[in-house]
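We number each residue from 1, following the sequence as shown.
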Amino acid sequence: MKLSSVWLYEQILKKYRMIGHAGLSGRDSYLRPYLCLDANGNKWPGHVCVVPVMSEREAADIANAALADKTFLVFCLSETVNVNHEAGNHSADNFMWTAEENRPGGAYVCIAANDAAAVLNDIQAVFDLCDEWEDSIISLLAGDAGMERVLEVSAGFLGNPLMVMGTNFSLIAVADMKKLPERARLFAEDGINVEYMNALLQDTAYQKITQAEHTELYPGYISGYRTVNRNLFVNSRPTHRLVLTECDNPVTPGCICILETLAGHLEYQLSREMPASMKGTLETIFQSILTDRTADYVQIGRQLNAAGWGSGDEYLCLILQITYLNQKQLSTGAICHYIQKLFRDSVSFLYRDEVVSFFNLTRLGMDEEEVAAKLVYFIRDSYLKAGYSRTMQGHMNLRRQYVQARTALDVGSRKKPYLWIHYFDQVALPYIIEQATKRLPANMICHKGLLRLKEQDEKNHSEYMLTLKTYLDQHLNATQTAKELFIHRSTFLYRLDKIKEILHSDLEDAEEVFYLELSFRLLEQDEEKD
């Protein structure tokens, strides 16, 4: 394989004292070395050339003439020569890809070495080691050994843990992650570390990584360990991410170069493995239920029965309103994956910019309270808003359950925006009242006697409306109503007679009492709108 000048520089620096260098890059690549005993002779463009020289001046003159030939020159200067240069610092902190990376010329290093042939052999050994690593991962990929095995071999070569995950935070493969403490692992044995994921999503530095075309170094202020991130592209879209965690060995620019090579092989493998359809059977069925109002429920029922979701089973629907941040970072896939892993007999998918989940409570052996209890902290810690439907039996109500969950989320978020979880049963009455006033305002459909009471209160500063509402709330109990109003019972009875007179009613008809209670709700809703 071809090696970059910066990777070769790092390997040479392990054994030889560096005197000087120029033109080092992580984007160039060179073939195996040749020995050039004649310093002024021809060089091999595209190769590493080991050149013995007598002085720094001679090395500089040769380099200036040869750098335009895309050659990596390794000058060997006798150890007996007195030199004052110090090796440059090229850690990953101060060396990323610079403007110099795309220049047409080559590079050189000047080292203290008496035996140029020995230097040549050492560089050949570097190429041998890298070729052995690349050949092994190519063989593993060709033999369908699995991406995890490829990462194991590469983690051993690079000396640090590796991971491939989907851009939606789904885990694909890991290697050597047990070297890290649990707090520093994005994925634990029981699934994704939600707190870690949310911290990444809210970090502006990480947001830049999600669409980056090249390798990006991410600081360790969340986990305590720096990571090198390289997006993997399939069909020109970032679909996965290769992550190296700086653990046992410091990350260097040369290490980043090797990671780029690994990324290229993984991208090719992913493009081969990418299935024609990313949707499972259940997701496809439920997508059709929600999108096609004319769907054949007999056929849908057959499909669900074939998948083991019977017509006699009980179902629950959940809708999660994802934040703009989550949409931006494509973490909806991670949310779906988390829910489906937590509840084996469930299906989760993205629909109209929201995560929709259906739970087969019968197969799960759970009720809706148990499902909600297992998700409450996840919803809160992920900054989501949730709406739950009622539990219902059979396939015919699945779309209606979606409407219930959507209604719970919509009405609940408006009525009680400080809550992050809403249930349809809690918003059913406000929903009915809102539907009742869609065509006519509340004052046109409420009990007309109630409007006369309101007019009397405004005109005479009486409290007939409050008195009647309290009386209705206390189930027509005169004694309890007087206590609630802090007035004498006889005073209340006097007011009640006046109220009955204005209403032209004795308040003994159950339907009229219900109409009055509903009318109060309708008028309260109008006041809330104002």
Side-chain angles (χ1 to χ4, degrees), residues 191 278-322 332-379 382 384-413 419-432 435:
M278 297 297 290
K279 296 181 179 179
T281 303
L282 277 176
E283 181 181 335
T284 304
I285 296 170
F286 278 94
Q287 286 273 14
S288 67
I289 290 172
L290 300 187
T291 56
D292 186 3
R293 292 178 178 272
T294 63
D296 182 353
Y297 272 81
V298 174
Q299 177 63 25
I300 286 174
R302 292 196 189 107
Q303 293 174 333
L304 287 172
N305 282 321
W309 287 41
S311 57
D313 294 347
E314 289 190 330
Y315 299 97
L316 175 70
C317 181
L318 164 68
I319 295 179
L320 294 174
Q321 185 182 66
I322 55 180
T332 52
I335 295 171
C336 294
H337 179 76
Y338 177 84
I339 294 173
Q340 290 180 159
K341 186 166 184 177
L342 194 61
F343 301 95
R344 182 186 68 257
D345 295 294
S346 69
V347 59
S348 297
F349 51 91
L350 186 65
Y351 179 69
R352 293 184 177 176
D353 293 331
E354 293 172 331
V355 171
V356 179
S357 298
F358 281 91
F359 304 88
N360 187 317
L361 299 180
T362 303
R363 289 175 62 95
L364 287 169
M366 304 172 71
D367 58 29
E368 59 184 271
E369 288 80 10
E370 290 173 304
V371 170
K374 291 191 75 171
L375 286 171
V376 61
Y377 295 113
F378 169 74
I379 292 169
S382 299
L384 305 172
K385 290 275 190 176
Y388 282 99
S389 72
R390 288 175 175 167
T391 297
M392 302 184 80
Q393 188 180 56
H395 303 148
M396 297 299 293
N397 292 317
L398 291 172
R399 179 175 174 79
R400 293 171 184 150
Q401 285 184 283
Y402 167 79
V403 174
Q404 281 187 338
R406 177 95 280 290
T407 300
L409 186 57
D410 176 42
V411 178
S413 296
L419 297 179
W420 61 84
I421 299 176
H422 305 278
Y423 300 88
F424 180 75
D425 285 342
Q426 295 173 346
V427 304
L429 183 57
Y431 172 68
I432 291 171
Q435 295 301 304

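We find the CD-CZ distance between Glu314 and Arg390 to be 13.5 Å, quoted to the nearest 0.5 Å. Atom CG of Leu409 sits about 6.5 Å away from atom CD1 of Ile319, to the nearest 0.5 Å. Of the inter-residue distances, the one linking Ser346 atom OG with Leu361 atom CG reads 10.5 Å to the nearest 0.5 angstrom. Distance check: Leu342 CG to Phe378 CZ gives 9.0 Å after rounding to the nearest 0.5 Å. Put simply, CD on Gln404 and CE on Met392 are 5.5 Å apart, with the number rounded to the nearest 0.5 Å. In this structure, CD on Gln401 lies 6.5 Å from SG on Cys317, to the nearest 0.5 angstrom.
Judged by distance alone, the side chain of Lys385 and the main-chain N or O of Asp410 form no donor-acceptor pair under 3.5 Å.
Ring centroids of Tyr351 and Phe286 are separated by 6.0 Å or more, keeping the two rings apart.
Counting heavy atoms from C-beta outward, Asp345 and Thr362 have side chains that stay 4.5 Å or more apart. Val356 places none of its side-chain heavy atoms less than 4.5 Å from the side chain of Val347. In this structure, Val355 and Cys336 have side chains that are in contact, with non-hydrogen atoms separated by less than 4.5 Å. Counting only heavy atoms from C-beta outward, the side chains of Val411 and His422 never approach each other to under 4.5 Å. Looking at Phe349 and Leu290, their side chains come closer than 4.5 Å, going by heavy atoms from C-beta outward. A 4.5 Å side-chain heavy-atom check between Ile285 and Leu304 finds at least one atom pair inside the cut-off. Under the 4.5 Å side-chain criterion, counting only non-hydrogen atoms from C-beta, Leu318 is in contact with Leu375. For the pair Glu368 and Tyr388, the minimum side-chain heavy-atom distance is 4.5 Å or more.
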Apply side chain to side chain contact (heavy atoms under 4.5 Å, CB included) to the pair Thr391 and Asp367, showing each step before the final yes or no.
CA-CA 8 Å; Thr391 297; Asp367 58 29; over 6 Å; no

Tell me, with the steps shown, if Tyr315 and Asn360 meet side chain to side chain contact (heavy atoms under 4.5 Å, CB included).
CA-CA 5 Å; Tyr315 299 97; Asn360 187 317; 3.5 Å; yes

Assess the residue pair Ile335 and Ser382 against the criterion (side chain to side chain contact (heavy atoms under 4.5 Å, CB included)); give the C-alpha distance rounded to whole Å, side-chain angles, the decisive distance to 0.1 Å, and a yes or no.
CA-CA 9 Å; Ile335 295 171; Ser382 299; 5.7 Å; no

Apply side chain to side chain contact (heavy atoms under 4.5 Å, CB included) to the pair Ile322 and Leu384, showing each step before the final yes or no.
CA-CA 6 Å; Ile322 55 180; Leu384 305 172; 4.2 Å; yes

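A pairwise comparison of heavy atoms in Ser348 and Ile339 identifies OG-CG2, 3.4 Å as the closest pair. Here the shortest heavy-atom pairing between Gly310 and Asn305 reads CA-OD1, 3.2 Å. Shown here for Arg363 and Arg344, the closest heavy-atom pair between the two residues is O-NH2, 3.9 Å. What you find for Met366 and Val371 is that their closest heavy atoms are CE-N, 3.9 Å. Nearest approach of Ile300 to Ser288, heavy atoms of both residues: CD1-OG, 4.3 Å. In this structure, Phe343 and Phe359 approach most closely via the heavy-atom pair CD1-CE2, 3.6 Å.
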